[in-house]
Structure formats: structure tokens, C-alpha cells
> 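Please find one structure pasted underneath; my questions will follow.
Each chain gets a letter, A, B and so on, in the order its sequence line appears, and its residues count up from 1. Since this is a predicted model, take the numbers as computed values, not measurements.
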Amino acid sequence: MERYPRRQVPVPIDVVAEILVRLPVKSLIRFQCVSKTWRSLILDPSFMHSHRRRSQQKPFLLIVENCWMGSDTFTIFSLTNEAMLEECCNSPKETLVEYFKSPDISSWDDAVVASSPDLLLFRKDIDDRRGRCFFLLNPSTGERLILPESPNSGDRCTLGLDYVPSIGRFKVARFFPSAKANARTQCEVLVVGVDRSWRPTKDYPFAVIHRLDQYSLLNGAIHMVSSSLPGGIAVFNLHREIWRMIQFPCGFCFRENRWAAEGHMDLRELTGSLYLSRFTPMKLEIWVLKDYENENWTMQYNIDTLQLFRMIWHDIECYTRVHPLMIKDDGKILIAVSTPSAVFHYDTEKKVFTALKYIPQPCVYVENYLPLN
Amino acid sequence: MASQDCEAAASSRAAAASSQDCEAAASSRAEKEEQKTVRVAASSRAKKKEQKTVRVAASSSRAEKEEQKEERRTVRVTSNDGEEFEMDEAVARGSVMLRHMMELGIALDGVTLPIVSGEILALAVSYLRFHRDYDDGGSGYGYGYSYGYHSESEDTALTNFDRDLVKQLDQATLLDLLAASNYMEIEGLLRLTCQTVAEKLKGKTTEEIRQTFCIQNDYPPEEEEEVREEISWALEEKSLD
């Protein structure tokens with residue numbers, strides 16, 4: 001056991017701050033016991049934000065769906081970085097680390113429906129799926145908050161959330177089809193810890209698709225696919241509560257494929273950009289919105305998927321979705337197929353698919369202990 | 001009347017004589033002065049020649065030194081217990097505090113650091129010396145490294161040095177070195193020591209931390225109990241407390 005020689009001179013608090021800002025959240029929570037001064041430093045908002053800023057430099061991945069790991073207790077696993085994702089596909093037990101565990105959350109009834117880099121939003125099914133409620137969870141601190149109820153939390157609703165620095169609070173938005181038969185999308189918002197009930201805000205003149213794989217959070221705005229004419233991506237800015245639309249890339253037409261109208265279209269955020277993909281048995285087109293301001297799309301990959309189709313054709317259904325899971329620096333892609341649940345590695349040079357074991361879509365997470373209340 | 005004349009004549013004769021003397025004196029003085037001037041001129045000419053030789057000698061040796069790309073100006077830094085360290089200005093610039101003092105011209109007679117001991121200053125100086133040799137593009141060697149060039153082995157050498165520097169230090173010395181690098185504003189050393197201390201802190205108990213940082217527990221017992229309750233979930237993880 002190491003000796004801890006007693007210091008004669010106390011360490012100045014600004015030096016202590018330099019050390020503490022480098023510690024993980026769990027350690028910081030523990031060290032509140034050391035002294036009142038340490039506690040007030042740790043709980044000081046500007047220290048909290050400095051810590052979060054450092055965390056933002058090293059985000060890591062969380063894997064939430066854990067039925068596939070067969071745990072009895074709800075567990076969230078962490079993965080240091082995207083580079084390990086491939087390794088994780090093959091040997092999850094060796095690469096995943098238990099990050100958060102809770103017997104109060106059910107693997108069966110509770111599912112993640114939205115996330116921001118700081119928080120996860122769960123939907124909890126109650127009463128045999130006849131009812132539902134929603135709650136926020138910060139896996140760093142375990143803090144949970146149940147959101148107020150809303151009559152609009154039916155099956156066809158999308159939720160999104162993000163931290164809004166200018167008000168120092170999290171804000172959640174819910175989107176649902178208009179009750180009137182006018183094919184509009186309505187929206188209500190809630191400032192976490194402040195609002196007791198949902199507040200209606202501007203609606204969007206077209207219908208959007210309420211699917212998890214046609215939604216993403218980017219630049220503080222929630223993006224959803226709108227398939228009705230004129231078609232495009234509906235964008236709701238959470239802070240300013242205004243809508244805009246990003247047009248589909250030229251030549252991107254989802255009507256021509258003979259699958260359902262929602263088709264095999266997938267919208268998600270990867271590597272900080274918006275990715276739109278379209279899958280047919282023949283090919284997988286992957287477009288990236290490189291120039292967000294000017295809405296300039298680039299077709300980054302046009303993959304011949306015949307080989308992939310042959311590998312999965314006996315399991316394929318009209319609900320099968322194929323989308324990119326991760327885009328690596330060297331251009332190689334991990335592609336996920338749901339129903340059946342499978343992950344493939346695609347080598348862009350050799351144009352070859354390799355089957356890997358399944359892994360659920362990870363969320364990007366930044367350690368923080370921003371308060372919910 | 002005649003005596004008056006006599007007196008006048010005498011006085012004028014005396015005057016004349018004295019003026020003659022004066023003249024003579026003056027002329028001889030002038031002569032002397034002239035000679036003196038000549039002598040002075042000669043000596044000053046000699047001096048100038050001498051100085052010229054010295055100047056020529058100096059500038060040629062300076063040119064030599066410049067060829068070696070080094071104007072070796074140094075700064076002397078003293079610890080609070082009297083230990084002196086002399087380092088090149090380029091090395092000292094690794095400390096933002098010293099750099100500012102040198103720029104303001106207040107480091108010419110040396111700098112004394114009232115809160116840094118000799119043992120700690122030695123560590124800080126060795127850090128500065130090592131990193132200067134690498135971060136400055138190696139101009140001390142004069143082999144024409146371009147700025148910022150690092151070969152593979154040199155990069156490893158850098159982190160090995162850092163690791164070895166902090167490895168054998170005990171907790172108290174590490175904290176002192178951290179405080180010193182904060183005070184002297186040596187960014188790389190501050191990061192290194194903070195990271196090392198942070199790593200060591202992760203597994204410690206509350207009491208061990210209080211000892212290490214010399215902190216008094218200022219919680220009244222009930223409040224401490226409350227806080228422990230609140231954060232019990234985090235305490236469960238490591239069964240240390």
C-alpha cells in the first residue's frame with residue numbers, strides 16, 4: 001500500500017479544478033464528500049460546463065438495446081470509440097464495458113426513442129402497451145425524470161431533444177399528425193425542469209414519417225423525412241422553434257421503387273453529417289449533405305447490393321431496412337440490416353460484403369452531469 | 001613728480017616684464033599644450049587602433065557564433081531555498097511566466113521563485129530543457145532540422161521522458177510539481193501532472209484524498225451523512241468508502 005505523506009500546505013483550489021476537470025463523472029460525484037469546498041466546486045455551473053466541454057472532445061458510444069446480450073438487469077454498455085465497433089460486432093463481451101445498470105428499467109417495456117449527446121429519452125409501455133409514458137435518463141449520473149403526460153403520445157409520434165445552451169436547459173419536442181384530416185404535422189414543446197405541461201407551437205404544412213430510422217438530431221435541429229409531395233426533409237430548430245425544409249438530392253426519387261411508399265429510405269446522422277440512403281435489391285445509394293447551408297448533397301456511395309441481397313434474400317420482407325451503421329475514415333462502411341438483424345462490413349475498394357455478428361445502433365454520448373431539475 | 005613717473009615707469013616696466021613673462025609663459029603654455037595635444041592625439045590614435053582591432057576581433061567571433069545559429073543568452077532562475085539554475089533563453093521560454101519576464105526585461109539579473117523549491121525546480125527545468133530540444137525544431141543541434149520535424153523515435157522519446165519523469169515521484173512531489181507548473185505556466189508539464197494525479201485519484205477513498213490534498217473535513221456530521229445518502233449509488237460502485 002502506497003504511503004500518503006501528509007501535505008503541509010493546502011493545494012490551491014484552481015489547481016484542484018485543473019485535476020478534477022479530468023475525472024469521469026462518477027468520480028466527481030463521489031468526491032463531493034471530501035469537503036464543502038470541493039462540493040461547491042463540483043456543483044458550480046461553470047466548472048460543470050468546463051467538464052462537459054472536455055468530454056465533448058472525447059465522445060464515446062453507448063449501446064442500449066441489451067436483449068441481445070441476454071442480461072437480466074437493464075444495462076447500458078459503453079464502447080470507447082467507433083474504431084472498436086467492428087471488433088465489438090465479433091466479440092461484444094470483450095469490447096463492451098458496463099456503463100450503467102438499473103433494475104428499475106425494463107429491457108422489455110422500455111425503449112430508447114430519442115437521444116441527444118447528453119441524454120437518453122425512453123418510452124415506457126404500460127398496461128400491456130395500452131398506455132405509455134416517457135422519461136429522460138442521464139447514464140452518467142443515473143438521474144431520471146418522467147415527462148408530463150400528453151394526449152398526443154400515440155403510436156405515431158416522434159420525439160426529439162437537445163440541450164439549449166442559451167437557456168441552460170434541455171428542451172423536448174413532440175411531433176404528431178394533425179387530428180384534422182389536413183395532412184399537417186403538429187408540434188408541442190417542453191422545457192425540462194421548467195414547464196409543467198406541453199406547449200403547442202408552430203406546425204409543419206406536410207406529413208412526416210414517424211419512424212426512428214427516419215429521424216436525426218443535428219445542429220440543434222430535429223430532422224424528419226416528409227414523404228408527401230413535395231417531399232424532402234422537415235427540419236425543426238429546437239431553440240428558435242421554426243421550421244424549414246431541405247430538399248432531397250436531385251434524382252433522389254423514392255416512388256420508383258416497388259416497396260412501400262416509405263420505402264427503404266433512411267435518414268441518420270453519422271460523423272457529424274446528415275446521411276440519406278435508399279435501398280433496393282440492386283443498389284444502395286448513400287447521399288451525404290456535405291454543404292448544410294446550401295443544401296448540397298453528394299452521392300458518396302453507390303453500392304451494388306446484389307451480393308448482399310443474395311446473402312439475405314431468404315429472410316427479406318417488405319419491412320427489411322438496410323442502412324449504413326458506421327462510416328469509417330478509410331471509407332469502409334458497416335451496413336446494418338434489420339429483419340433479419342445482421343451487420344455487414346463493406347469494403348469499398350474490393351466491393352465485397354462480409355457478414356459480422358449483429359450489434360444494435362449505438363448512440364454517441366458525451367459524459368456530463370447537467371441537472372435535469 | 002619724478003617719483004611718480006618713476007613709479008609709473010617701474011610699474012609699466014614691471015607690467016611689461018610681467019606681460020613678457022606672461023607671453024613667455026603663455027607661449028610656453030601654448031607649446032606645452034600643443035605638445036600635449038599631439039601626445040593626446042597620438043595616444044587616442046593608438047587607442048582607436050586598439051579598439052578597432054578589438055572590434056574586428058569581436059565581430060568575427062560573433063559572426064562565428066552566428067554561424068552556429070546561437071546567441072547564447074541565458075537566464076538564471078533561483079528556487080526559494082537558494083538553488084540556482086542557468087538555462088538558455090530559448091529553454092526558459094517554455095515557461096510563459098519566464099517568457100513574459102524576459103520580454104519585459106525584468107529577468108536580466110535573474111529570477112527568484114518564492115514558492116518553488118530546488119527539488120521541484122530541478123524537475124521543471126529538466127522538463128523545459130528536454131522539450132525545448134524537441135519542440136524548437138532542434139536548432140540547438142544546428143543540423144538543419146526544419147521546424148516541428150519529429151522522427152518516429154523522437155516522438156516516442158518525448159512521451160517516454162514524460163512517463164519516466166512522473167513515474168518515480170511520490171504523491172506530494174507530484175502535487176508540488178503540478179503547483180509549480182501552474183505557477184510558472186508550463187502548459188505541457190501542467191497537463192502531464194494533472195493527468196497523472198487525476199489517474200491516481202480515481203481509486204482513492206475520501207479520507208486518502210483529504211490527506212493527499214491537506215484538506216480539513218468541514219462537513220458537520222449530519223450534512224456529511226446526507227450527502228453520502230444522496231450519492232450512495234456512486235459509492236456502491238467502488239466499495240472503498
> Considering only heavy atoms from C-beta outward, does the side chain of B/Gln195 approach that of A/Glu18 to under 4.5 Å?
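B/Gln195 vs A/Glu18: side chains apart.
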> Could you tell me which non-hydrogen atom of B/Lys202 sits nearest to which non-hydrogen atom of A/Arg30, and how far apart they are?
O-NH2, 2.6 Å
> Would you check if A/Ile19 and B/Leu175 make a side-chain contact, meaning some heavy-atom pair closer than 4.5 Å?
yes
> Do the charged groups of B/Glu223 and A/Lys36 touch, with an N to O distance under 4.0 Å?
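A salt bridge is present here (some side-chain N lies under 4.0 Å from a carboxylate O).
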> Can you name the closest pair of heavy atoms from A/Ile29 and B/Ile231 and give their distance?
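Looking at all heavy atoms of both residues, the shortest contact is O-CD1, 3.3 Å.
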> Closer than 3.5 angstrom, by distance alone: can the side chain of B/Arg210 be matched with the main-chain N or O of A/Val34 as a donor-acceptor pair?
yes
> Would you say the side chain of A/Phe31 lies within less than 4.5 Å of the side chain of B/Thr206, judging by non-hydrogen atoms?
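No, too far: nothing below the 4.5 Å cut-off.
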> Does CD1 in A/Ile146 sit with more than 12 non-hydrogen atoms of other residues, nucleotides or ligands closer than 6.0 Å?
no
> Which pair of heavy atoms, one from A/Ser35 and one from B/Gln216, lies closest together, and at what distance?
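Closest approach of A/Ser35 to B/Gln216: CB-O, 4.0 Å.
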> What part of B/Asp218 is in contact with chain A, defined as an atom under 4.5 angstrom from a non-hydrogen atom: side chain, backbone, both or neither?
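B/Asp218 touches chain A through backbone and side-chain heavy atoms alike.
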> I want to check something: taking the side chain as every heavy atom from C-beta on, are A/Trp38 and B/Ile209 in contact at a cut-off of under 4.5 Å?
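The answer is yes; the side chains approach within 4.5 Å.
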> Which residues satisfy the ring-ring contact (aromatic ring centres under 6.0 Å, His included) test with A/Phe134, sequence neighbours excluded?
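In terms of ring-ring contact (aromatic ring centres under 6.0 Å, His included), with neighbours along the sequence ignored, A/Phe134 is linked to no residue.
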> Hey, is CD on A/Glu349 packed in by over 12 heavy atoms from elsewhere, all under 6.0 Å?
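12 or below, so no.
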> With sequence neighbours left out, write down each residue that passes ring-ring contact (aromatic ring centres under 6.0 Å, His included) with A/Phe135, or none if nothing qualifies.
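For A/Phe135, the residues satisfying ring-ring contact (aromatic ring centres under 6.0 Å, His included) (neighbours in sequence not counted) are A/Phe122.
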> Do you know which two heavy atoms are closest between A/Leu23 and B/Ala198, and how far apart they sit?
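Scanning both residues, the minimum pair turns out to be CD2-O, 3.3 Å.
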> Which distance, rounded to the nearest 0.5 Å, do you find between the SG of A/Cys33 and the CD of B/Glu207?
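Those atoms lie 11.5 Å apart.
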> Assess whether atom CG of B/Asp109 is packed by more than 12 heavy atoms of other residues, nucleotides or ligands within 6.0 Å.
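It does not: B/Asp109 CG has 12 such atoms or fewer within range.
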